[in-house]
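A quick write-up on the structure given underneath.
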Amino acid sequence: MKILSHRNAPARDEDVNGDGVVDGRHTAATGRPVATEGRRTGIDPDPTLERTVDLDRDGQPDRPSARPDAEPRTAPVALGPKPRASLLATLGLIASVVGALFVLSGSLAGYGIGLGAVGAVLAVLGLVATRRRHVAGTTDALIGVVVGLAAVVLGLVALTGQFDWPTTDGEWVGRFREWLDSQFAAMF
C-alpha cells in the first residue's frame, strides 16, 4: 500500500529530536510530518499519574489537566464569603406577617399597625443587605415590605371605621358563628 503512505523514508525507532518520545511524528528529510500506520502517540507509561498543564510556561504546573478517567483529587474551593440568608429580611417578613394577623383580628389592630411598620422597615433594610452577592433573601424582603405596608393600611382603615370589617370591637367570632347558623339553618 505504498499509495496510501505519506512517508518518504521508513519510520524511525529512535528519538530524533531529543524530546523523549519515539513515534512516527518526526519529520523526514523533506520537512513534512511523517505519517504512522497503527502507532499510537503520546501514551502515558503510568496512567495513574496526574498530568498537569503549564499555561504561563514558567516550569511550574498551573492546574491539573482534564482527563475523562481521572477523578478530582480535591473538592473545589469556593472563593469569597459563605452564602447566607439576610437576617433582616427574615425578621422583617416575620414581623410583617404577625402585624397583618394582629390587624385581621380586629381588636389588636393598633398593635398590628406598629408591627407592620416595624416589619416593613426591617424588610427594606434586609433588601439593602441582599445587594451583596453572597446574601440571599430578596424575595423574603419584598414580601415583607408588601405585607407590612398592607398591614399598616388595613389597620388604619380598621381604626377609622371606614369599612364593616375589620373593626376594633373584637366580637367577630361570635358574629361569624351567627351568620353561619343563619345561612345553613335550613340545611340541618
Side-chain angles (χ1 to χ4, degrees), residues 48-58 60-188:
T48 60
L49 294 177
E50 184 175 327
R51 297 183 210 163
T52 57
V53 177
D54 185 15
L55 295 175
D56 53 3
R57 300 178 189 249
D58 62 351
Q60 299 294 324
D62 294 329
R63 61 181 172 84
S65 65
R67 289 179 48 186
D69 60 339
E71 294 183 18
R73 309 251 182 217
T74 60
V77 177
L79 299 176
K82 187 177 179 181
R84 63 179 178 87
S86 172
L87 179 65
L88 289 173
T90 305
L91 289 177
L93 177 62
I94 292 170
S96 296
V97 168
V98 171
L101 292 176
F102 278 17
V103 166
L104 292 176
S105 72
S107 59
L108 298 174
Y111 295 110
I113 292 171
L115 268 175
V118 168
V121 169
L122 287 175
V124 167
L125 293 175
L127 190 60
V128 170
T130 61
R131 292 167 70 189
R132 294 189 208 139
R133 190 182 80 174
H134 66 280
V135 180
T138 304
T139 306
D140 295 345
L142 289 173
I143 293 172
V145 169
V146 169
V147 171
L149 292 178
V152 170
V153 169
L154 193 59
L156 290 174
V157 168
L159 286 179
T160 58
Q162 294 180 3
F163 293 108
D164 290 338
W165 183 82
T167 61
T168 57
D169 62 0
E171 294 294 325
W172 280 99
V173 175
R175 290 182 192 171
F176 183 65
R177 172 65 191 260
E178 290 174 6
W179 180 81
L180 284 175
D181 289 342
S182 68
Q183 298 298 315
F184 298 108
M187 298 176 117
F188 297 110

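Residue numbers count from 1 along this sequence. In this text the structure is predicted, and so the values were computed from the model without any measurement. Below, all heavy atoms of this structure are taken into account, side chains as well, without hydrogens, waters or symmetry copies.
For the pair A151 and G116, the tightest heavy-atom approach, listed with the atom from each and the gap, is CB-CA, 4.1 Å. The nearest pair of heavy atoms linking A89 to A141 is CB-CB, 3.8 Å.
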Donor-acceptor pairs are to be reported for all side-chain atoms of residues 123-131 against protein atoms at under 3.5 Å, with residues two or more places apart or in another chain.
| unit_1 | atom_1 | unit_2 | atom_2 | d |
| --- | --- | --- | --- | --- |
| T130 | OG1 | L127 | O | 2.7 |
| T130 | OG1 | T138 | OG1 | 3.4 |

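Looking only at side-chain heavy atoms (C-beta outward), R84 and H134 come within less than 4.5 Å of each other. Side-chain contact between L104 and L154 is present, with at least one heavy-atom pair separated by less than 4.5 Å.
The distance from the OG atom of S96 to the CG atom of D140 is 11.0 Å, given to the nearest 0.5 Å. Here L115 contributes atom CG and I94 contributes atom CD1; the two are 12.0 Å apart, rounded to the nearest 0.5 Å.
Among the candidates V146, V147, V145, the single residue satisfying the side-chain contact (heavy atoms from CB on, under 4.5 Å) test with L149 is V145.
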